[in-house]
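One structure is given here, and the rest of the page talks about it.
All values below come from the heavy atoms of this structure, side chains included, with hydrogens, waters and symmetry mates left out.
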Amino acid sequence: MSRKYIADLEGRLITETISLGGDNPANVDFSTKAIANAAGVSEFTLFQRFGSKEKLISASIRFVCDEAVELFGKWIKDEKDSFEVFSARVLDYFLSHPKETMFLINYSAASSHVTSDPEAFARYREYILAHLDLMEPYFGKRSPDEAFLLWSSFFRRLLMDAQFVLSDLYPDVATYREMSAKVCCSGLSGFRKGKEE
């Protein structure tokens with residue numbers, strides 16, 4: 001079996017996990033059998049690749065986050081977005097990727113109440129600490145604990161606001177989007193780079 005085939009299979013399993021797990025409301029009972037069937041393989045093959053549902057969910061969360069973080073990094077480092085513009089773009093990203101956003105809300109340690117993986121928070125924290133440089137242009141250098149809380153608070157806030165829109169709780173999306181980005185920026189303004197100097 002070629003490496004390309006294995007990579008494609010793992011990608012299909014991750015894609016189907018995100019699709020099935022990104023339903024609104026959370027489909028807490030979605031099964032590995034359903035994932036395998038949707039990917040066109042046996043459940044045995046799924047477990048050969050990932051070992052457990054928790055590991056598959058973790059790999060899927062990482063996949064979603066890696067794609068987002070790569071784009072967010074470009075906006076911050078290459079395009080030099082202001083914090084206000086960046087906040088609005090992140091919210092727009094979450095709104096334009098509903099399955100991925102709802103998957104993170106449903107299963108990420110940052111926001112989920114349904115995950116049963118005891119190591120999920122440790123992996124979430126480790127992931128954020130590995131990407132602290134992403135938010136430094138806005139918040140400057142911080143201790144790992146403070147940077148983790150700022151980074152996590154920022155993204156969780158926008159994820160939850162996206163959930164309100166994706167759940168059809170706010171019919172006036174344009175007004176809500178503008179208010180959400182403004183509130184997110186205002187809430188973190190005391191921590192902004194230069195404010196503490």
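- In this structure, Arg125 forms a cation-pi arrangement with Phe148, its terminal cationic atom sitting closer than 6.0 Å to the ring centre and no more than 45° off the ring axis.
- Interatomic distance, OG1 of Thr17 versus OH of Tyr107, reported as 10.0 Å (0.5 Å rounding).
- Interatomic distance, Glu126 CD to His131 NE2, rounded to the nearest 0.5 Å: 10.5 Å.
- Between the CD1 atom in Ile57 and the CD1 atom in Ile14 there is a gap of 12.0 Å [rounded to 0.5 Å].
- In summary, Asp8 and Arg12 do not engage in a salt bridge, as defined by a charged side-chain N under 4.0 Å from a carboxylate O.
- The hydrophobic cluster containing Met160 also contains Val90, counting ILVMFWY residues as joined when their side-chain heavy atoms lie under 4.5 angstrom apart, directly or transitively.
- Shown here for Ala36 and Leu13, the closest heavy-atom pair between the two residues is CA-CD2, 4.3 Å.
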Stepwise salt bridge (Lys or Arg N to Asp or Glu O under 4.0 Å) test for Glu136 and Lys141: CA-CA 6 Å; Glu136 278 183 15; Lys141 288 222 182 256; 3.4 Å; yes

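- Between the CD1 atom of Ile18 and the CG atom of Asn106 there is a distance of 12.0 Å, given to the nearest 0.5 Å.
- Between the side chain of Arg49 and the main chain of Glu10, no donor-acceptor pair closer than 3.5 Å is present.
- Here Phe72 pairs with Trp75, Phe86, Tyr93, Phe155 under the ring-ring contact (aromatic ring centres under 6.0 Å, His included) rule; sequence neighbours left out.
- When every heavy atom of Cys65 is checked against every heavy atom of Leu104, the shortest pair comes out as SG-CD2, 4.0 Å.
- A distance-only check finds no donor-acceptor pair linking the side chain of Ser19 to the backbone of Thr15 [under 3.5 Å].
- Neither Phe50 nor Phe44 shares a network with the other; the hydrophobic side chains, linked directly or stepwise wherever heavy atoms of I, L, V, M, F, W or Y lie under 4.5 Å apart, form separate groups for each.
- Heavy atoms of other residues, nucleotides or ligands lying less than 6.0 angstrom from CD of Glu70 number 12 at most.
- To the nearest 0.5 Å, atoms CG (Leu150) and CG (Asp145) are separated by 11.0 Å.
- Linking ILVMFWY side-chain heavy atoms closer than 4.5 Å, directly or via other members, places Tyr127 and Leu149 in a single hydrophobic cluster.
- In terms of heavy-atom proximity, Pro144 sits nearest to Leu132 at CA-CD1, 4.3 Å.
- Side-chain contact check for Leu159 versus Thr101: some heavy-atom pair is nearer than 4.5 Å.
- When all heavy atoms of Tyr138 and Ser82 are compared, the pair lying nearest together is OH-O, 3.7 Å.
- For the atom pair OG (Ser42) and CD (Gln48), the distance works out to 7.0 Å, reported to the nearest 0.5 Å.
- Nearest heavy atoms, Ile35 versus Glu16: O-CB, 4.0 Å.
- At a threshold of 4.5 Å between side-chain heavy atoms, the hydrophobic network of Ile, Leu, Val, Met, Phe, Trp and Tyr places Phe94 and Val85 in two separate groups.
- Between Glu54 and Arg123 there is no salt bridge, since no side-chain N of the basic residue sits under 4.0 Å from a carboxylate O of the acidic one.
- Taking each heavy atom of Val69 and Trp151 in turn, the nearest pair found is CG2-CH2, 4.2 Å.
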